[in-house]
Amino acid sequence: MARRTIIAGNWKMNKTPSEAVALAKELIPLVGNDNVDVVFCVPFIDIVPVVEAVKGTNVKVGAENLYIEDSGAYTGEISADMIKDSGAEYVIIGHSERREYFNESDAFLNTKVKKALEKGLIPILCCGESLEQRETGVTIDFVRYQIKCDLAGISADDAKKIVIAYEPIWAIGTGKTATSDQAQEVCQAIRECLAEIYDQATADAIRIQYGGSMNASNAAELLAKPDIDGGLVGGASLKPDFGEIVAAG
Ligand code: PGA
């Protein structure tokens, strides 16, 4: 079953609004691959200017987080409606940096996924093991646990809209990429888990990205694997290399 490749940049906490517009304009001519969905996930404050900068191009914009309530006394938080009205279409949920530094639990992330879907945003739901978990041999058990918790109570029709990003924590920002076989093994296990939760047709429809030091030289090999349908790219998404990754998709 053909799944459309999706390459998303995760800009993390980088780029002021004016820097973000300059980067978007630099990257747009490099990412024109008709076979690939291209997304720039940017800091909240950059969403409006970057949406403006990508108008009329193939690039979509995403947020990097959202809050679970619609409005009210939650000082400093940003709602799904605010993100959607700003013109973003995607939202990263459960990145390992949020799980670790902001103590986001699977139960909380499950609520975020539901809120994003309710408001018509496409969640890019992240999962992935630590180095200790990999060395202990519990990678697949742990990632299955995350997927089951994060998708609890979500229908098959809604699940088909979600993009899952498998990001081994030890590979993020370290320059240490999972081998294509390691990445494929876990992405395949995620798809098997989705088939258990839902059914094979639903599992076959859901796109699974790999993330963790994806770059211009390893992207093609990773993206050639049968269960890897794209990439969530951190460091290399801030450079012209992102264009080479999109071209490999
Ligand atoms: P990296 O980050 O590509 O810099 O490893 C990936 C991510 O955190 O999404």
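Just so it is clear, the model here is predicted, and its values are computed rather than measured. Atoms within each ligand, like the ligands themselves, are counted from 1 in listed order. Numbering of residues begins at 1 and proceeds along the displayed sequence.
In terms of protein heavy-atom proximity, atom 4 (O) of ligand 1 is nearest to Gly235 N, 2.8 Å. Looking only at protein heavy atoms, the nearest one to atom 7 (C) of ligand 1 is Glu167 OE2, 3.1 Å. Regarding atom 3 (O) of ligand 1, its nearest protein heavy-atom neighbour is Gly234 N, 2.8 Å.
Applying the 4.0 Å criterion to heavy atoms of Gly212 picks out, from ligand 1, the atoms 5 (O). Against a heavy-atom cut-off of under 4.0 Å, Gly173 is close to the following atoms of ligand 1: 1 (P), 4 (O), 5 (O). Each of the atoms 5 (O) of ligand 1 lies under 4.0 Å from some heavy atom of Ala171. Below 4.0 Å from some heavy atom of Lys12 lie the following atoms of ligand 1, by number and element: 2 (O), 7 (C), 8 (O). Every atom of ligand 1 is numbered from 1 in the order shown, and the set under 4.0 Å from a heavy atom of His95 is 7 (C), 8 (O), 9 (O).
Residue-to-ligand polar distances keep Ala236 apart from ligand 1: every N/O pair is separated by 3.5 Å or more. Below 3.5 Å of separation, one finds no N or O of Ile172 facing any N or O of ligand 1. Looking at Thr174 next to ligand 1, no N or O pair under 3.5 Å apart turns up.
Heavy atoms of Ser213 approach ligand 1 to within less than 4.0 angstrom.
Taking a cutoff of 4.0 Å between a charged side-chain nitrogen and a carboxylate oxygen, Glu64 and Lys12 do not qualify as a salt bridge. A salt bridge does not link Asp37 to Lys60: none of the charged nitrogens lies less than 4.0 Å from a carboxylate oxygen. Glu192 has no carboxylate O lying under 4.0 Å from a charged side-chain N of Arg144, or vice versa, which leaves the two without a salt bridge.
Hydrophobic clustering (ILVMFWY, side-chain heavy atoms < 4.5 Å, transitive): Val143 and Ile228 are in one cluster.
Between Pro49 and the choices Val54, Val21, Thr16, the side-chain contact (heavy atoms from CB on, under 4.5 Å) rule is met once, by Val21.
Gln146 places a side-chain N or O within 3.5 Å of a backbone atom of Gly128 that can act as its donor or acceptor partner. Side-chain atoms of Arg207 do not come within 3.5 Å of backbone N or O of Lys161 as any donor-acceptor pair.
Contact annotation: the side chain of Val61 never approaches that of Tyr90 to less than 4.5 Å [non-hydrogen atoms, C-beta and beyond].
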